[in-house]
Every structure is written in structure tokens, then in C-alpha cells.
2 protein chains.
Amino acid sequence: MTKRSYNQTCSVAGALDVLGERWTLLLIRELLTGPKRYNDLLDALPGIGTNLLADRLKNLTNDGLITQSKLPPPAAASVYELTEAGERLEPVLLELVRWGMRYQRKAKKRATYRATWTAVAMRAFFQPERARGLRLSCELRVGDEVFNAQVRDGELHTAAGSAAAPDVVVTTTPENFRRFESGEDPADLEKTGKWKVTGSSAALKKFTRLFELGG
Amino acid sequence: MTKRSYNQTCSVAGALDVLGERWTLLLIRELLTGPKRYNDLLDALPGIGTNLLADRLKNLTNDGLITQSKLPPPAAASVYELTEAGERLEPVLLELVRWGMRYQRKAKKRATYRATWTAVAMRAFFQPERARGLRLSCELRVGDEVFNAQVRDGELHTAAGSAAAPDVVVTTTPENFRRFESGEDPADLEKTGKWKVTGSSAALKKFTRLFELGG
DNA sequence: CGGAATCCTCTTCGATACTG
DNA sequence: CAGTATCGAAGAGGATTCCG
């Protein structure tokens, strides 16, 4: 009944009392790309079990990291979104991305894949100084997932969903998008028809140059 | 038998497969201030249970985050220390410190306290630009704990144990050291005899000005 | 159909006792 | 000092059911 705690006067331990349970940080990762419905979260987190998801959502709400808001009709959906305290976890997640990119154990077969996770990873490898003066809007359509990336004022903003006025729209399959993640040249992917690019190829080129895995 | 995994192609999930089990990140925190023996770790992590500690140490070794090294006689102790992959978790831990400092749930009574944890927290709030040109060596003795902080080349290095050639040595109790952590002025603590300062008070003053909780 | 609560089994945790 | 063994308690995971 009473929640498990490390019971240490230490801000790492205090943070982990809130964040350390299984699935919690992955739930935060999902919400970093925008509000999500209960079933969206279930879908993005195979294996979580409906009771655990409900339990985590309840605890995160009590701890003030997320809020539940009901969209007005006709959408009439209930979504979960990060509060400011939740948003402030982004630096923690981005450091985990950076570390994990180098040190995670080798991926298994049949692992779940969502292109939208890349929207978060991009933030971790974004190089602000390369974006100075740039203003770009990109939309990425990978299988049935859609997310967008906006570059302006030297900042990158990524989120689930389509872009309002995209300079370029990329449409591809999960398999071919992963080639890009593995370091293949987007220009080659475009040439060989693995990416379908609508709009400004130049904008896409500028965009893909904004990232550096070395950090 | 087989280790539990989120089984997702995502570097956050990959990182959490390695780091996400209970106690693991606190174990890393302990090792960030230097090599520790099995019983040192047991003492710093009340409640962990000897089997879990052994299990975590084994897994972290297999994953390449720590190594076990035997100090030569006469010390003849066996200690665990971080590998480079382990050391690279420092940014993750420091972001957790920053987040946890603002958002952790209110501390309970009878919580475990170790002054050495502050040695890690200091790194999270260190302001390099204020340390330009400074060279300082401080030793902190809090109850039966001793740790040191070295400032040089605009960098801060903290570790368990005493300093080689300290400019200043502070001796105090855990209770009075926590007053400092809560924001009380070190000069006042010194005046009222809550801190015993040996060596250069000026060096101590310069040192305590290098930190900013706002980030 | 989205959003959960319930039930049941299995794994992990935590505390203590014990051993090289 | 540095672990292993054991066992009850708590948490996780999957299926099913319930509710609006």
C-alpha cells in the first residue's frame, strides 16, 4: 500500500523515488512528443499491462508530473500531458539518449520500434550553433507514424503530428527510416527512392546536417 | 533467468534495460566519488539486501560499467570502480540531481544521510565560469565522513577521502553541514562555531561562491 | 470503442541466516 | 569481509471483464 522509497536525503534518491519504477521514464519519453491517450500509450509500450499503466499514470499525476485533460467535443478524447515539472525531465532523458546510444546492449530481434522515438533522440544530438539563422519546418511520415521538426531561433522543436506549413515532407517506411538512423546519407536514400521527398530537398539537406552523434 | 528487457529499439529503453532496476543508479552514484568496497556500498544503501547488491554488482560488471580490482597488500581490499562507460553516466546523474533538487517529494523523517552525496550534488551546481583562474583544494570532514573538492583549470573534482594539500579543512557535524546545504551562510556557520575551519577562510569563501542552485 | 478495475501467476525484492 | 541461500512479501505481466 505505502509506496516504496529509498528514504535517503539525496536528490538523486528523491528523484528515483518518483521516477525509478519500471516504465515510468518511458512514459515520460512518450509524453515528450505531446499529449497522448491511454491507448496510444498502451500501444507504444508493449508489455506494460493495463493495470500498471493506470497505476503509473495515477502516481505521476499525484506527483505533479502529468495532468489529464479532456479535449472538447467533437474530439472528446481524454489525454495525458506533461506539466512543467514533467517537461523539466527532458534533460535527464536526453542524457539517457546520449549514453544509451553508445552503451546500450545490442538490440534484440523483434524489438518494438517507433519512429516517433527518434523525435526525442534528435533533440539529444542537435547542434544549436549550426542552426543559427535557420528557419525550417519538416514533416516526417514513417509508416503510419507522423511527426514534425521545427527549427527556429537556433532551437529545435519536435512533436508528434504533422507540421503546419512544412518546407519539406519525407515519406518512408520504418525499415528505410532506420537506414537514416544508422547513418546512411539521406541524399542517397532519396535518390534510390527509399525516401519520398515532397517540397524542398535543399531544406531537408540543411536539416539533416544539424545533428552530430559525437555530441 | 533471462534478464527482463523493454525490448525496444530506442536508446532510452536500451539504457534503462541496463540501469533501470532498483538500486542500480544509486550504486553508480556511490562509485562516482571513487572506488568502494562491498561493505561500504552496503552501508551507503540501507535496505538493499546483500543478495541484491551482489546481483547488481555482477550485472554491472557484465555490462561493462564497473570493474572489480584488488588493491595490493597491505591494503589487500577488493573494491569496485567505474569503467569509462560507467563514468560517462555522470551527466545523467547530474541531471537527476538538478531535477530532484526542485521536484522531489518532501523528505521523510529518519531518512539516511551521507555528506559524501553532496560531493556529487556539488558538481551539478558548479559554475565553471566563476572558477576561471582559481586553484583551490578543500577537505570536508562531516561526522566520520571525509571528502575533498579540488578546483583547477575551471573544473571541479570531488571525491571521497582527504585532500593531499588542502588550502582549507572544514570539520563539522552532519546536522550543521545540512544547514549549509539548506542555504545558510558558511561565514555565519563559521562565526557561530558550527563549522570548524582550519587553514584559509578566504579560500573557503571563494569555494562556496562557485555554486548556484538556479543552474 | 476508449479507459480502466480484477484476478491470477510469475518474478523480483528485502530481510535474515549462513558460509568461504 | 565478501558474499550465497532461503523464504515471505511486494511488484510485474497477461488475460479477462466491466463500465460509460
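Proteins come first, then strands; the chains are lettered A, B, ... in the order of their sequence lines, and each starts at number 1.
- In this structure, the CG atom of A:Leu57 is 10 Å from the C1' atom of C:dG3, given to the nearest Å.
- When only modelled atom types and interatomic distance are considered, A:Arg123 and A:Thr158 share a side-chain donor-acceptor pair under 3.5 Å.
- Per the geometry, CZ belonging to A:Arg22 stands 9 Å off P belonging to D:dG14, to the nearest Å.
- Atoms CG (B:Leu45) and P (C:dC13) sit 14 Å apart, rounded to a whole Å.
- B:Leu19 has its side chain within reach of B:Leu65: a pair of non-hydrogen atoms, C-beta onward, lies under 4.5 Å apart.
- Taking atom CG on B:Leu52 and atom P on D:dG11, their separation rounds to 14 Å, with Å as the unit.
- Atom CG of B:Asn59 and atom P of D:dG3 are 14 Å apart (whole Å).
- Here A:Arg178 does not pair with A:Glu175 in a salt bridge; the nearest charged N to carboxylate O distance is not below 4.0 Å.
- Contact between the side-chain N/O atoms of A:Tyr80 and the OP1/OP2 oxygens of C:dA4 is found at a separation under 4.0 Å.
- Under 4.0 angstrom from either OP1 or OP2 of D:dA2 there lies no side-chain N or O belonging to B:Lys36.
- Here B:Arg37 does not reach the OP1 or OP2 of D:dG3: none of its side-chain N or O atoms lies under 4.0 Å away.
- No donor-acceptor contact under 3.5 angstrom links the side chains of A:Glu145 and A:Tyr113, judged on distance only.
- Among D:dA12, D:dG11, C:dG3, the nucleotide with an atom closest to any side-chain atom of A:Arg56 is D:dA12.
- Among C:dC13, C:dA4, C:dG2, the nucleotide with an atom closest to any side-chain atom of A:Asn39 is C:dG2.
- C:dG3 atom C1' lies 14 Å from atom CD1 of A:Ile66, rounded to whole Å.
- With hydrogens and angles left out, the side-chain atoms of B:Ser137 and B:Asp167 include no donor and acceptor closer than 3.5 Å.
- Between A:Tyr80 and the options A:Lys36, A:Gln68, A:Arg37, A:Glu30, a side chain to side chain donor-acceptor pair (under 3.5 Å) holds for only A:Gln68.
- Between A:Leu27 and A:Leu60, some side-chain heavy-atom pair lies under the 4.5 Å cut-off.
- Rounded to an integer number of Å, the gap from NZ of A:Lys70 to C1' of C:dG2 is 11 Å.
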Nucleotide by nucleotide, nucleotides 15-20 of chain C touches protein heavy atoms under 4.0 Å in the pattern (B base, S sugar-phosphate only, - none) BBB---

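- Using a 4.0 Å cut-off, some side-chain N or O of A:Trp23 falls inside it from OP1 or OP2 of D:dG13.
- Checked against D:dG3, C:dG14, C:dA4, the side chain of A:Gln68 finds its nearest nucleotide in C:dA4.
- Here C:dA4 is the nucleotide among C:dA4, D:dA12, D:dA10 with the atom lying nearest to any side-chain atom of A:Ala54.
- The separation between A:Leu27 atom CG and C:dG3 atom P is 14 Å, rounded to whole Å.
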